[in-house]
Visitor: 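My questions all concern the structure below.
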Amino acid sequence: MRCRRCGGAAVLELRRHNAAFCAPDFLAFFRNQVREAIRRHRMFTHDEPVLVAVSGGKDSLALWDVLIEEGYRTTGLYLDLGIFDYSVESRARCEAFAAARGAPLMVVRVADEVGAPVPVIKEVTRRPPCSGCGLSKRYLMNKVALEHGFPVVATGHNLDDEAATLLGSVLHWQIDALARQAPALPATHPKLVRRVKPLYRLSELETAAYAFLRRIDYIVEECPFARGATSLAHKELLSRLEEASPGAKHNFLFGFLERARPAFERVEAATLQECTRCGQVTTGPVCAFCRLADQVKRAVGAGRA
């Protein structure tokens, strides 16, 4: 294989682009895709501080690496979920990454905010762990950004993640979720910050290749609670389709964003108000996070009695 740009020996073939690249040209391609995502959706400027949510995995650390290289003012946010050795190791990866680049990193323990780590939340709620975990992460990312003056939170969701989320929403025709699915969500309330996904144009394979070529030390293991998650089944199904028809994931996601999403955006949005307990944005008197925290603290308190 020959590199499409320089004609030298290629190290990576991207079938969906009908192209191959050498290492330097692939890194340039990857950064260009991130630049285009930021430019096209006006995600943020060089004058704005950006809070980057990092998990210790390849996607979020690759994103942080690109933004640092591009000269953005970034701070990492690691949410310690308290998931046994997995959280210990993922936090260590984030701390090592930040230290090596002289970048600031904030660490927030979910247990301090909710009253217990994710494994206990799972037992208390008797619901899939991704439910309480996802709710906690969304709430805390917005809360930390507001408290520290960040107008925007960037996450490492890639093309595979977004296509799998879209498939799940379509299979259940979740109208509200389809209206919200976008590379950039604006702040629709004074207590909501912008949320952006600069990697949405890049596949999981491409982010893994970037992390490898940049020698980023990331945690390879999946979250132990992710086993059996429907999102992984959706990813597997789309990957099989991609293997048979390169570009299928891109066409599915981008076709929705360009042709279908505008119709869902016209659906009347829910009225937002401030939670009477914590002041964060919700659709009812008390937000879901406060209700979850109450449930967890009652259960934990009863167990200690």
Side-chain angles (χ1 to χ4, degrees), residues 33-35 37-81 90-91 93-95 97-98 101 103-110 112-114 118 130 132-159 161-162 165 177 179-202 207 218 223 257 272 274-275 278-282 287-289:
Q33 292 295 311
V34 176
R35 289 191 203 106
I38 294 170
R39 182 200 66 80
R40 181 181 291 269
H41 297 280
R42 300 178 182 178
M43 292 182 175
F44 42 77
T45 70
H46 280 89
D47 295 327
E48 295 178 298
V50 181
L51 187 63
V52 185
V54 290
S55 64
K58 62 185 183 306
D59 303 302
S60 59
L61 292 183
L63 172 61
W64 198 8
D65 184 76
V66 172
L67 297 183
I68 290 172
E69 290 292 307
E70 291 293 309
Y72 288 100
R73 292 190 292 135
T74 62
T75 295
L77 171 63
Y78 175 76
L79 298 177
D80 190 335
L81 306 174
S90 59
R91 175 174 175 171
R93 298 298 202 288
C94 293
E95 290 174 335
F97 179 97
R101 290 159 178 79
L105 173 70
M106 291 190 289
V107 177
V108 174
R109 295 176 69 247
V110 168
D112 293 339
E113 303 291 333
V114 187
V118 166
C130 294
C133 182
L135 168 63
S136 300
K137 288 193 290 188
R138 289 189 298 272
Y139 177 93
L140 292 173
M141 284 190 290
N142 190 74
K143 180 174 183 284
V144 171
L146 282 174
E147 290 177 346
H148 293 272
F150 290 94
V152 59
V153 174
T155 61
H157 293 87
N158 59 42
L159 171 62
D161 298 324
E162 291 299 282
T165 297
R180 290 193 306 270
Q181 179 151 1
L185 288 174
T188 55
H189 187 278
K191 288 197 172 181
L192 282 178
V193 301
R194 301 196 308 275
R195 287 180 291 161
V196 298
K197 303 168 185 177
L199 296 185
Y200 85 100
R201 300 172 63 89
L202 292 150
T207 55
Y218 63 89
C223 171
L257 293 175
L272 299 178
E274 294 182 15
C275 173
C278 70
Q280 292 294 307
V281 176
T282 181
C287 73
F289 182 84

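These figures come from a predicted structure and were not determined experimentally.
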Visitor: Going by the rule side-chain hydrogen bond (donor to acceptor under 3.5 Å, both in side chains), which residues pair with R138 if we only count those two or more places apart in sequence or in a different chain?
Guide: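 For R138, no residue satisfies side-chain hydrogen bond (donor to acceptor under 3.5 Å, both in side chains) once neighbours in sequence are set aside.
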
Visitor: For F97, is the NZ or CZ atom of R93 found under 6.0 angstrom from the centre of its six-membered ring and inside 45 degrees of the ring axis?
Guide: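 Judged by the rule, R93 and F97 form no cation-pi pair.
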
Visitor: How long is the straight-line distance from SG of C133 back to CG of L81, given to the nearest 0.5 Å?
Guide: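 Here the interatomic distance stands at 4.5 Å.
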
Visitor: Evaluate the side-chain proximity of R195 to N142: yes if any heavy-atom separation is below 4.5 Å, no if none is.
Guide: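 Contact flag for N142/R195 side chains = no.
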
Visitor: Quick check: do L51 and H148 have side-chain heavy atoms less than 4.5 Å from each other?
Guide: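 Of all side-chain heavy-atom pairs linking H148 with L51, none is under 4.5 Å.
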
Visitor: Is it true that a side-chain atom of Q181 and a backbone atom of E162 form a donor plus acceptor pair closer than 3.5 Å?
Guide: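 Yes, Q181 side chain to E162 backbone: donor-acceptor pair under 3.5 Å.
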
Visitor: Without swapping roles, check the side chain of H189 against the backbone of T282 for a donor-acceptor pair under 3.5 Å.
Guide: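 Checked: no pair found.
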
Visitor: How far does CG of L202 sit from CG of N158, to the nearest 0.5 angstrom?
Guide: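 CG of N158 is found 8.0 Å from CG of L202.
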
Visitor: Keeping the roles fixed (side chain from R201, backbone from V34), state whether a donor-acceptor pair exists under 3.5 Å.
Guide: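 Side chain of R201 to backbone of V34: no pair is present.
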
Visitor: Can you check whether L105 reaches Y78 side chain to side chain, under 4.5 Å on heavy atoms?
Guide: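 Yes, their side chains come closer than 4.5 Å.
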
Visitor: Tell me every residue that passes side-chain hydrogen bond (donor to acceptor under 3.5 Å, both in side chains) with K137, counting only those two or more places apart in sequence or in another chain.
Guide: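 By the side-chain hydrogen bond (donor to acceptor under 3.5 Å, both in side chains) rule, K137 matches no residue at all.
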
Visitor: Is the closest side-chain heavy-atom distance between L77 and V153 below 4.5 Å?
Guide: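 With C-beta onward as the side chain, the pair stays apart.
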
Visitor: Taking all heavy atoms of L199 and all of G156, pick out the closest pair and write down the distance.
Guide: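 Closest approach of L199 to G156, heavy atoms only: CD1-O, 3.8 Å.
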
Visitor: Using modelled atom types only, decide if a donor and an acceptor are shared between the side chain of R194 and the backbone of M43 within a distance under 3.5 Å.
Guide: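 Looks like yes, one N/O pair under 3.5 Å.
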
Visitor: Using side chain to side chain contact (heavy atoms under 4.5 Å, CB included) as the criterion, list what pairs up with T74, not counting sequence neighbours.
Guide: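 Here the qualifying residues are V50, V52, W64, L67, I68, Y72.
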
Visitor: Provide the closest heavy-atom pair for C287 versus C275 in the form atom of the first, atom of the second, distance.
Guide: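 That closest heavy-atom pairing would be N-SG, 3.3 Å.
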
Visitor: Please answer whether the main-chain N or O of D59 pairs with a side-chain N or O of T207 as donor and acceptor at a distance below 3.5 Å.
Guide: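 No, T207 side chain to D59 backbone: no donor-acceptor pair under 3.5 Å.
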
Visitor: Would you give the length of the straight line joining atom CG of L140 to atom CG of D80, rounded to the nearest 0.5 angstrom?
Guide: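 Separation between the atoms: 11.5 Å.
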
Visitor: Quick check: closest heavy atoms across V193 and P151, and the distance to 0.1 Å?
Guide: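 Heavy-atom minimum between the residues: CB-O, 3.6 Å.
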
Visitor: What is the distance from atom CD of Q33 to atom CG of L159, rounded to the nearest 0.5 Å?
Guide: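 Going from CD on Q33 over to CG on L159, the span is 10.0 Å.
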
Visitor: Determine whether L63 and P198 make a side-chain contact, defined as any pair of heavy atoms from C-beta on separated by less than 4.5 Å.
Guide: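 Yes; the side chains approach each other to less than 4.5 Å.
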
Visitor: Verify the neighbour count for atom CZ of R35: are there more than 12 heavy atoms of other residues, nucleotides or ligands below 6.0 Å?
Guide: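 Check passes, neighbour count above 12.
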
Visitor: Rounded to the nearest 0.5 Å, what's the gap from CZ on F150 to CE on M141? Could you check?
Guide: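 Between atom CZ of F150 and atom CE of M141 there are 14.0 Å.
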
Visitor: Would you indicate whether the side-chain heavy atoms of L146 and K191 approach each other to under 4.5 Å?
Guide: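 The answer is yes, as the side chains (C-beta and beyond) meet within the 4.5 Å cut-off.
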
Visitor: Just verifying a value: how many Å separate L79 CG and S55 OG, rounded to the nearest 0.5 Å?
Guide: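 If we round to the nearest 0.5 Å, L79:CG and S55:OG are 10.0 Å apart.
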
Visitor: Name the orientation class of the two ring planes belonging to F289 and Y139 (parallel below 30°, tilted from 30 to 60°, perpendicular beyond 60°).
Guide: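 Correct class here is parallel.
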
Visitor: Which pair of non-hydrogen atoms, one from A288 and one from L135, has the smallest distance, and what is that distance?
Guide: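 Nearest heavy atoms, A288 then L135: O-CD2, 3.8 Å.
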
Visitor: Over all heavy atoms of both residues, which pair between V152 and P49 is shortest? Give the atoms and the distance, please.
Guide: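 Closest heavy-atom pair between V152 and P49: CG1-O, 3.8 Å.
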
